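Reading through the structure tokens given below for one structure.
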There are 4 protein chains.
Amino acid sequence: MKNTLSRRERVKLANRKAILSAAEEVFAQKGFYAATTDEIAERAEFSKGALYTYFRSKEEIFLSLMREKVGSLEKKIKESIKVTLNPIEGIENLIKAHLEFFEENKEFFQIMASERGRFEMGIKNRLRRELMRRFQSYLKEVEGVMKAAVDNKELKAIDPNHLAIALIGMIHSFTAQWILTGGESSLMELSPVITMLFFGGAKG
Amino acid sequence: MKNTLSRRERVKLANRKAILSAAEEVFAQKGFYAATTDEIAERAEFSKGALYTYFRSKEEIFLSLMREKVGSLEKKIKESIKVTLNPIEGIENLIKAHLEFFEENKEFFQIMASERGRFEMGIKNRLRRELMRRFQSYLKEVEGVMKAAVDNKELKAIDPNHLAIALIGMIHSFTAQWILTGGESSLMELSPVITMLFFGGAKG
Amino acid sequence: MKNTLSRRERVKLANRKAILSAAEEVFAQKGFYAATTDEIAERAEFSKGALYTYFRSKEEIFLSLMREKVGSLEKKIKESIKVTLNPIEGIENLIKAHLEFFEENKEFFQIMASERGRFEMGIKNRLRRELMRRFQSYLKEVEGVMKAAVDNKELKAIDPNHLAIALIGMIHSFTAQWILTGGESSLMELSPVITMLFFGGAKG
Amino acid sequence: MKNTLSRRERVKLANRKAILSAAEEVFAQKGFYAATTDEIAERAEFSKGALYTYFRSKEEIFLSLMREKVGSLEKKIKESIKVTLNPIEGIENLIKAHLEFFEENKEFFQIMASERGRFEMGIKNRLRRELMRRFQSYLKEVEGVMKAAVDNKELKAIDPNHLAIALIGMIHSFTAQWILTGGESSLMELSPVITMLFFGGAKG
DNA sequence: CATGAATGAGGATTCATTCAT
DNA sequence: GATGAATGAATCCTCATTCAT
């Protein structure tokens with residue numbers, strides 16, 4: 001997979017990753033603005049200047065990070081759905097995939113939750129546009145499964161968009177609360193509750 | 001209630017409100033950091049210096065604003081519940097109350113959505129602590145109704161905390177999407193869908 | 001002339017002048033790039049931040065300075081010519097005016113001499129364009145007198161543009177040398193030599 | 001003369017020249033400060049590190065370049081004079097030699113014109129001192145011819161220093177203007193005008 | 001009280017120079 | 001010797017906060 005890269009290139013790639021990883025922590029804790037290049041560099045154990053060997057600007061670090069993460073999320077979601085042809089099972093998998101991903105990417109979740117509303121700003125930026133697009137595409141994916149399930153009469157005849165919004169809202173809400181209360185126990189454990197509530201509702 | 005205030009005091013209060021109102025717009029658009037006192041002052045039609053007559057710092061403007069808004073939300077929620085003794089109806093009212101509030105307080109919603117994760121930062125701050133407390137208290141309120149409904153066997157025997165998280169997640173998600181897509185049509189119209197999904201689930 | 005300005009406005013104007021004056025010294029000594037905003041601020045006895053109350057950027061300080069100076073030079077040259085209708089006398093006056101101006105504006109001369117070649121860079125800039133234009137207009141002014149004298153048959157039938165270039169070259173050269181050797185004695189004293197050489201040439 | 005150099009030494013010398021040549025272009029376009037070692041290295045088709053094998057610092061590149069060029073100019077001027085024993089003819093040759101040199105060394109002219117005023121800075125520097133010395137020596141050379149011509153009564157009894165300043169000023173001015181207007185036609189063509197104006201003056 | 005100019009700490013970014021490979 | 005990534009000092013600019021008027 002990566003055996004055509006020279007040693008130097010492999011080092012560069014690893015350094016890039018280290019910077020992104022450090023940035024992820026800092027952005028999660030402080031948000032885009034309050035995060036400083038100083039802190040990112042320090043946490044990545046690089047000089048401040050080195051960041052600029054790998055990225056053009058602080059914004060580019062941020063957007064690259066988001067792009068990679070949103071990309072992984074999107075991929076994971078797609079895969080979780082494709083495993084089965086049964087829409088209901090697909091949605092169950094999708095819930096699990098989400099929780100698994102957020103459990104492994106707490107920091108990304110925090111960043112996304114707080115910065116998403118501002119992705120639209122500075123729309124001229126190529127990376128920002130791409131990010132928006134990827135995010136939309138991830139939402140459409142979820143909507144797609146919903147539609148399939150509705151068409152199959154396995155779900156009520158509700159606008160698939162609304163179904164997607166509802167499910168994602170629940171997932172995000174549980175994840176946020178899990179992080180707020182320390183993120184100790186496994187987030188995955190909540191999968192049955194969410195599944196049950198989404199499909200069967202709360203009424204007894 | 002406030003008719004014992006001197007003219008001067010009434011003016012001060014009005015000015016405070018004007019500043020908070022201006023701040024709300026700016027914080028919503030730009031977030032806490034990117035918002036500048038310059039812009040807040042300008043939009044409030046005050047000098048930059050005047051802000052500091054009414055508030056100790058930019059942070060205090062922010063926190064005061066949030067406190068007032070979270071306070072109103074909390075109050076509104078409490079009232080929506082008290083109207084009825086029937087828990088199910090209470091939850092329906094609570095959904096409507098939320099949507100109504102967010103429809104009237106789009107800016108606040110945006111701010112809350114993006115800054116909530118960082119309320120905990122700098123916890124020594126009196127205002128921050130109070131804000132956290134108020135926010136928790138609002139959540140407890142929702143949880144309370146859920147518990148009543150569960151006890152009444154009107155809802156499934158699920159941890160009321162989970163029920164609250166699920167419902168709030170759905171509400172926030174719909175609100176966020178509504179804002180993202182322009183916030184034109186009435187958010188209130190979504191109340192039936194949310195109610196139906198929360199109580200009855202998605203399964204057909 | 002300035003009696004319609006409020007006190008505050010007069011202070012602002014004076015501060016602006018103080019900054020420009022400090023900048024003039026620093027730019028003359030170090031050139032545009034090596035000059036630092038720190039040093040300009042310090043020499044103007046202002047904080048670094050204050051510069052930005054009066055100017056948008058270091059470049060704007062530089063260009064504003066140049067604009068004012070080139071403007072004064074242009075004005076002085078025009079006036080020196082208009083005094084008389086006799087072209088020869090006009091040129092004599094023009095030489096004197098130049099020397100007088102450069103003697104009083106040593107720093108400006110140094111800046112102009114070294115930065116002129118790069119005025120063209122970044123041509124999108126409004127101020128830069130204006131500066132170029134002003135500079136051209138000053139050259140045209142000199143050319144104009146030359147043409148008048150040629151038309152009058154008081155000067156040889158040489159391209160007035162060449163005459164202007166030659167005279168200005170001599171003036172600049174003498175000024176540069178005068179500054180290089182300390183600028184002690186009066187530059188004005190060189191007026192007769194320049195006049196003589198320009199009109200009569202070196203041949204004995 | 002240089003046939004005793006080993007291959008290695010010849011390569012080093014060639015590399016040095018390539019770097020200086022690249023530096024000349026960059027310094028001419030951007031000036032000393034705005035020129036970056038990155039760009040010089042790139043244009044010389046060397047790595048940035050290689051520059052430091054051949055030169056101790058960016059400043060040394062600059063000064064070495066100037067030294068070589070000023071040296072060539074000086075040499076060319078000396079030769080142009082020595083050809084003849086007739087001072088008038090010597091000056092004519094000198095004008096032509098200047099124009100020829102600047103036509104072939106546009107970049108150097110631009111650099112010299114804008115950086116000369118700052119050669120004095122950091123006078124402790126050995127290279128800087130040498131450069132100043134060489135420049136003075138070039139001026140003295142011109143002054144020498146003038147003195148000879150004055151002694152010969154072929155030129156008016158004017159301080160030879162002034163005569164040198166005047167002539168050089170004219171030459172520089174014409175060169176600068178030629179470059180500013182694109183440097184298309186031959187600069188050499190201006191030789192007769194300069195000669196005529198210098199010797200005979202402008203008066204008709 | 002209101003004003004808005006002044007302050008200065010802080011932050012992103014650049015770039016000459018060094019040095020491990 | 002050559003390379004180019006890493007360094008970190010230096011620099012421009014921003015903006016919350018203060019304070020004289």
Side-chain angles (χ1 to χ4, degrees), chain A residues 6-9 11-12 15-16 19 33-42 44-61, chain B residues 8 11-12 15 32-42 44-62, chain C residues 6-9 11-12 15-16 19 33-41 44-61, chain D residues 8 11-12 15 32-42 45-62:
Chain A
S6 70
R7 194 153 92 76
R8 194 157 251 189
E9 284 169 319
V11 169
K12 276 191 81 166
N15 289 346
R16 228 190 102 96
I19 291 168
Y33 277 96
T36 65
T37 51
D38 260 321
E39 192 172 351
I40 294 171
E42 194 181 19
E45 297 186 291
F46 276 99
S47 75
K48 211 178 351 173
L51 302 191
Y52 291 85
T53 310
Y54 293 93
F55 301 94
R56 235 188 295 286
S57 66
K58 179 184 166 184
E59 191 185 27
E60 211 197 89
I61 296 177
Chain B
R8 187 160 270 187
V11 168
K12 273 191 78 165
N15 289 347
F32 179 74
Y33 273 93
T36 66
T37 51
D38 260 321
E39 192 173 350
I40 294 171
E42 194 184 18
E45 298 185 289
F46 275 97
S47 75
K48 204 170 12 162
L51 301 191
Y52 288 82
T53 311
Y54 295 96
F55 300 93
R56 229 188 298 284
S57 68
K58 180 184 168 184
E59 191 185 28
E60 211 196 271
I61 296 177
F62 177 72
Chain C
S6 71
R7 193 152 94 76
R8 194 157 249 187
E9 286 169 318
V11 168
K12 277 190 81 165
N15 289 346
R16 228 189 102 95
I19 291 169
Y33 277 96
T36 66
T37 52
D38 260 323
E39 191 173 351
I40 294 171
E45 298 186 290
F46 276 100
S47 75
K48 209 179 349 177
L51 301 191
Y52 291 85
T53 310
Y54 294 94
F55 301 93
R56 235 188 296 285
S57 66
K58 180 184 167 184
E59 191 184 28
E60 211 197 88
I61 296 178
Chain D
R8 188 161 268 187
V11 168
K12 273 191 77 166
N15 289 346
F32 178 74
Y33 274 94
T36 65
T37 52
D38 260 321
E39 192 173 349
I40 294 170
E42 194 184 17
E45 298 186 289
F46 275 98
S47 75
K48 204 167 18 159
L51 301 191
Y52 288 83
T53 310
Y54 295 96
F55 301 94
R56 229 189 299 284
S57 68
K58 180 184 166 185
E59 191 185 27
E60 211 197 271
I61 297 177
F62 177 72

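When reading the values below, keep in mind they use all heavy atoms of this one structure, side chains included, and skip hydrogens, waters and symmetry mates. Every chain is numbered from 1, with letters handed out A, B, ... down the list of sequences. Source: prediction; values computed, not measured.
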How is A:Phe55 classified with respect to the nucleic acid when contacts are heavy atoms under 4.0 Å: base, sugar-phosphate, or nothing? nothing
Nearest-Å distance for atom pair CD1/C1', residues A:Ile40 and E:dT13: 13 Å
With D:Asp38, which residues qualify under side chain to side chain donor-acceptor pair (under 3.5 Å), at least two apart? none
Under a 4.0 Å heavy-atom criterion, the protein footprint on nucleotides 9-16 of chain F, written with B, S and -, is -BSBBBSB
Distance in angstrom units between A:Lys12 NZ and E:dT21 C1', rounded: 15 Å
When rounded to whole Å, the CD1 to P distance for the pair A:Ile61 and E:dA12 reads 10 Å
Between F:dT3 (P) and A:Glu9 (CD): distance, integer Å: 17 Å
DNA chain E: 5'-proximal contact among B:Thr53 and C:Val11 (nearest heavy atom): B:Thr53
Minimum heavy-atom distance B:Tyr54-B:Glu60, with the two atoms named: O-OE2, 4.5 Å
Dot-bracket for DNA chain F, 5' to 3', with Watson-Crick and G-U pairs under 3.5 Å, [ ] for crossing pairs and | for other-strand pairs: what is it? .||||||||||||||||||||
Euclidean distance, atom CZ of residue D:Phe46 to atom P of F:dT3 [Å, nearest integer]: 7 Å
Is A:Asn15 close enough to F:dA6 that one of its side-chain N or O atoms is under 4.0 Å from OP1 or OP2 there? yes
Less than 4.0 angstrom between a side-chain N/O of D:Tyr54 and OP1 or OP2 of F:dG1, yes or no? no
